[in-house]
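Take a look at the structure set out below.
Since the structure is predicted, the reported quantities are computational estimates derived from the model, not experimental observations.
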Amino acid sequence: MSDRIPIAGPSITQREIDYATDAATNGWYDRAGEYPRRFEAAFANYIGVKHAVSLPSCTSGLHLALAAAGVGPGDEVIVPDLTWIASAAPISYVGATAVFADVDENTWCVCAESVRACITENTKAILTVDLYGGISDYAALRAIADEHGLKIIEDAAEAIGSEFDGRKAGALGDVAAFSFHGSKTFTTGEGGMLVTDDDALHARVMQLRDHGREPGDVHFNNTEVAFKYKMPPVAAAIGLAQVERAEELVSRKREIFEWYREALAGVEGITLNHEPANTKNTFWMVTAVLDPMLEWPKEKLMAALEVEGIDSRPMFHPLSSLPAYEGHAEAAVARKRNAVSYRLSPWGINLPSALNLTQEQVQRVAETLRGILGVK
Ligand SMILES: *Cc1c(COP(=O)(O)O)cnc(C)c1O
């Protein structure tokens, strides 16, 4: 159907096409590293950090961050229950245990008090997630991390351009990872970026991401068994164009959210993404949590929107509820503990949030939603 409203999608202009064409034409031999290096420099500058490492995905960035931080078997990493599984899966890759903390009622991001309650003598790191572009109380999280000597690993996949106290997402943890999957605020098709201010951690990442070779090693002298995580030049060329358009893309996300806010104003029982006073939310996905009194669980609402040609997505299921974690002892504990995640998730859906969405389309989504819910 041609007038289907997609859930997500990028903004691609002549700039992305020109850079990609240039990379495909010239980004070989001694010039193969040019676009990755330019993308990394521009991205580090945009976030306000020292180091940026371009990667094939955000998942690989979180894997490298954990490995470089020395997290391994016997260690525990605290991660919010309400997130995409990519936040937690890398904890298993390094042989550590994911401990699922609850989220805050308003920001839907990991709650500092719940994190505190999850700390044991085995805790090594807090893996925060800037869910849907929202931001946790990083002042409280930093205080807890400092008190217990923990690293903060920030999953900023959904939060390009978001801020806490004037600092950008990605600069809030000790190390952070971004995603440039086709649905994200900047895209390279598939791709990711690890960022950090920590020189030693950066050096470790550079070695681990290239099969245990020292950067610049030309003698194939592998010093350990490690990983191979790099971004192709054509993808980096598209990414460079996206970061050069950062202000435009981020303001577009905020504009789309404003359109929804206006179009759904006065509708009882719908809560949209929250933006606490000292933060900037970039609304990667405009998300509506419905009052259970409306009796529209997410699957049923998605099906009703689908019939009207509107794509939506379910709010993430608590990870501890997924078959993937069925046998995990920590998941059983989390199912009892994480009341907020379990209360929000059944009633939340992501609304169409593609960068090319028009205000007319947002109005159509809002009217359809009002019609389905039978609210004015
Ligand atoms: C998209 C996403 C990821 C994973 O990104 P990939 O680039 O697909 O690896 C990780 N965490 C969150 C919260 C995401 O939304």
Side-chain angles (χ1 to χ4, degrees), residues 33 36-79 86-98 122-130 138 141-142 145-146 148-157 167-180 191-232 236 239:
R37 297 302 84 77
R38 285 175 68 191
F39 181 29
E40 289 166 351
F43 195 82
N45 182 53
Y46 174 65
I47 302 299
V49 291
K50 240 162 123 178
H51 305 287
V53 183
S54 58
L55 298 169
S57 65
C58 175
T59 306
S60 61
L62 295 172
H63 184 190
L64 287 171
L66 289 159
V71 177
D75 296 332
E76 293 173 0
V77 177
I78 299 170
V79 63
S87 307
I91 300 169
S92 299
Y93 301 170
V94 297
T97 300
N122 297 321
T123 308
K124 261 290 182 62
I126 307 168
L127 200 156
T128 61
V129 180
D130 305 327
Y138 274 95
L141 290 169
R142 178 56 69 189
D146 287 351
H148 295 273
L150 308 175
K151 283 241 188 288
I152 297 182
I153 298 172
E154 182 183 1
D155 179 350
R167 279 172 75 88
K168 281 208 171 66
L172 302 168
D174 297 294
V175 52
F178 289 90
S179 173
F180 309 122
M193 192 80 84
L194 178 145
V195 300
T196 186
D197 277 326
D198 184 331
D199 295 336
L201 192 135
H202 173 250
R204 187 78 191 113
V205 164
M206 293 305 279
Q207 173 129 342
L208 286 172
R209 62 106 70 148
D210 193 18
H211 283 309
R213 291 164 67 188
E214 299 271 345
D217 161 50
V218 291
H219 299 291
F220 293 174
N221 202 12
N222 311 79
T223 56
E224 66 190 304
V225 176
F227 317 108
K228 172 64 195 299
Y229 288 147
K230 292 190 178 182
M231 174 181 276

Next item on the list: Check L62 against A86 and note the closest heavy-atom contact, atom names and distance.
Entry: CD1-O, 3.5 Å
Next item on the list: With the side chain counted from C-beta on, respond yes when V53 and M193 share a heavy-atom pair under 4.5 Å apart, and no when they do not.
Entry: no
Check: Which distance, rounded to the nearest 0.5 Å, do you find between the CE of M206 and the CD of E214?
Finding: 11.5 Å
Checklist line | Distance-only side-chain donor-acceptor flag, H51 / D199, under 3.5 Å | finding: yes
Item checked: side-chain contact (heavy atoms from CB on, under 4.5 Å), paired with H211, selected from N222, T223, D217 -> N222
Check: Could you give the distance from NE2 (H202) to OG1 (T196), rounded to the nearest 0.5 Å?
Finding: 8.5 Å
Notebook entry, point to check: When rounded to the nearest 0.5 angstrom, what distance separates CD in E76 from OG1 in T97?
Noted result: 6.0 Å
Notebook entry, point to check: Does K168 pair with E154 as a salt bridge, N-O distance under 4.0 Å?
Noted result: no
Next item on the list: Write down the atom of T123, the atom of L150, and the distance for their closest heavy-atom approach.
Entry: O-CD2, 3.3 Å
Check: Judged by atom type as modelled, is there a donor-acceptor pair below 3.5 Å linking the side chain of R204 to the main-chain atoms of A67?
Finding: no
Next item on the list: Quick one: closest heavy-atom pair of P73 and V94, and the distance?
Entry: CD-O, 3.5 Å
Note to self: Going by ring-ring contact (aromatic ring centres under 6.0 Å, His included), name the residues that satisfy it together with F178, two or more places apart in sequence or in a different chain.
What the structure shows: F43
Margin query: Counting the benzene-type ring for Trp, do F227 and Y93 have ring centres under 6.0 Å apart?
Written below: no
Check: Do other residues, nucleotides or ligands put more than 12 heavy atoms under 6.0 Å from R167 CZ?
Finding: no
Checklist line | Closest non-hydrogen atom pair, T59 against P90 | finding: O-CG, 3.8 Å
Check: For the atom pair CD1 (I126) and CZ (R142), what is the distance rounded to the nearest 0.5 Å?
Finding: 8.5 Å
Item checked: Flag, side chain of D174 to backbone of I152, donor-acceptor distance under 3.5 Å -> yes
Check: What are the two closest heavy atoms between G61 and L55, and how far apart are they?
Finding: CA-CD1, 3.4 Å
Item checked: Note, V205 side chain near Y229 side chain (heavy atom, < 4.5 Å) -> no
Margin query: Please give me the minimum heavy-atom distance between S87 and L127, naming the atom from each residue.
Written below: O-CD1, 3.4 Å
Notebook entry, point to check: Roughly how far, to the nearest 0.5 Å, is CE of M231 from CD of E40?
Noted result: 8.5 Å
Notebook entry, point to check: To the nearest 0.5 Å, how far apart are CG in L172 and CD1 in I47?
Noted result: 9.5 Å
